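As the structure is a prediction and not an experimental result, all values here were calculated from the model. Scope of the values below: all heavy atoms of this structure, side chains included, with no hydrogens, waters or symmetry mates.
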Amino acid sequence: MRFRILLLALSLLLAVQARATSLRVLDGFEGIGSWKAVASDSVSASLRQVDGVDGRAMCLDYDFNGVSGYAVARRDLPLAYPDNYEFTLQLRGSGPVNNLEFKLGDASGENVWWVDKPNFPLPRRWTPLKLKKRHIAFAWGPTQARALRKSQTFELTV
């Protein structure tokens, strides 16, 4: 059975000072050529561009084909982080409750920070989602520096 997750307007809110903030749109999904779909063995995954609430969105279609595994929407997205930040996006989808992971990898590809949302029910309507600095934890890798200062990749995994 085929399922989908749709993303609209991935952005980064940078809190530069306690009183000043600036919003930087990282991807408005006007094109999805910088994204790629990756899946584990026997799982199928593909990306397509769709209409969003206002503008365009990206859809990750996936099918586990009766096996356990994962489907990923991934792109290179080099970022340097200030002392405070948050990612904001709109999300909707269809499919059973599953784990939803947002992963940020460094340039080495060995160190990962993430927001892990186990047993996440996909919202049927566009729903804002904020991933604040305090929600992003070191997941794995050899680095001793646990604080996220720079990342190279962004992934959405189900």
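Residues that satisfy the side-chain hydrogen bond (donor to acceptor under 3.5 Å, both in side chains) test with Asn98, not counting sequence neighbours, are absent from this structure.
Ala73 and Leu60 make their closest contact through N-CD2, 4.1 Å (heavy atoms, listed as atom of the first residue, atom of the second, distance). Contact record, Val67 with Ser42: CG2-CB, 3.8 Å, taken as the closest heavy-atom pair. Asp116 and Pro118 get closest at one heavy-atom pair: O-CD, 3.2 Å. Counting all heavy atoms, side chain and backbone alike, Ala71 lies closest to Ala45 at CB-CB, 3.9 Å. Closest heavy-atom contact between Gly28 and Val25: N-CG1, 3.9 Å.
By the criterion of side-chain heavy atoms lying less than 4.5 angstrom apart, applied directly or through intervening Ile, Leu, Val, Met, Phe, Trp or Tyr residues, Phe102 is grouped together with Leu104 in one hydrophobic cluster. Residues Phe29 and Leu79 share a single hydrophobic cluster, defined by chaining ILVMFWY side chains whose heavy atoms lie under 4.5 Å apart. Tracing side-chain contacts under 4.5 Å through hydrophobic residues (I, L, V, M, F, W, Y), one never reaches Leu100 starting from Val38; they form parts of separate clusters. Linking ILVMFWY residues whenever their side-chain heavy atoms come closer than 4.5 Å, directly or via other members, leaves Val72 and Leu26 in distinct clusters. Residues Leu91 and Ile32 fall within the same hydrophobic cluster, defined by Ile, Leu, Val, Met, Phe, Trp and Tyr side chains chained together at heavy-atom separations under 4.5 Å.
Atom-to-atom distance recorded for Glu101:CD and Trp114:CH2 is 4.5 Å, nearest 0.5 angstrom. Between Asp41 atom CG and Asn65 atom CG the span is 11.5 Å, to the nearest 0.5 Å. Atom CG in Asp106 sits 5.0 Å away from atom CH2 in Trp113 (nearest 0.5 Å). Of the inter-residue distances, the one linking Leu156 atom CG with Leu47 atom CG reads 9.5 Å to the nearest 0.5 angstrom. Residue Asp61 holds its CG atom at 8.5 Å from OG of Ser94, rounded to the nearest 0.5 Å. Atom CD of Glu30 is separated from atom CE of Met58 by 13.0 Å, given to the nearest 0.5 angstrom.
Residue pairs satisfying the salt bridge (Lys or Arg N to Asp or Glu O under 4.0 Å) criterion with at least one member in residues 133-158, sequence neighbours excluded, are listed as follows: Arg74-Glu155.
The aromatic rings of Phe64 and Tyr62 stand perpendicular to each other, their planes meeting at an angle above 60°, with 30° marking the opposite boundary. Below 30°, between 30° and 60°, or above 60°: for Phe87 and Tyr81 the angle between ring planes is above 60°, a perpendicular geometry.
Using a distance-only test at 3.5 Å, with no hydrogens or angles considered, a donor-acceptor pair links the side chain of Thr153 to the main chain of Gly105. Between the Asn99 side chain and the Asn119 main chain, a donor and an acceptor come within less than 3.5 Å of each other.
Atom CG of Asp54 sits in a sparse spot, with 12 or fewer heavy atoms from other residues, nucleotides or ligands closer than 6.0 Å.
Looking at heavy atoms from C-beta onward, Ser108 lies out of side-chain contact with Thr143 at the 4.5 angstrom threshold. Contact check for Val50 versus Arg56: no side-chain heavy atoms found under the 4.5 Å cut-off.
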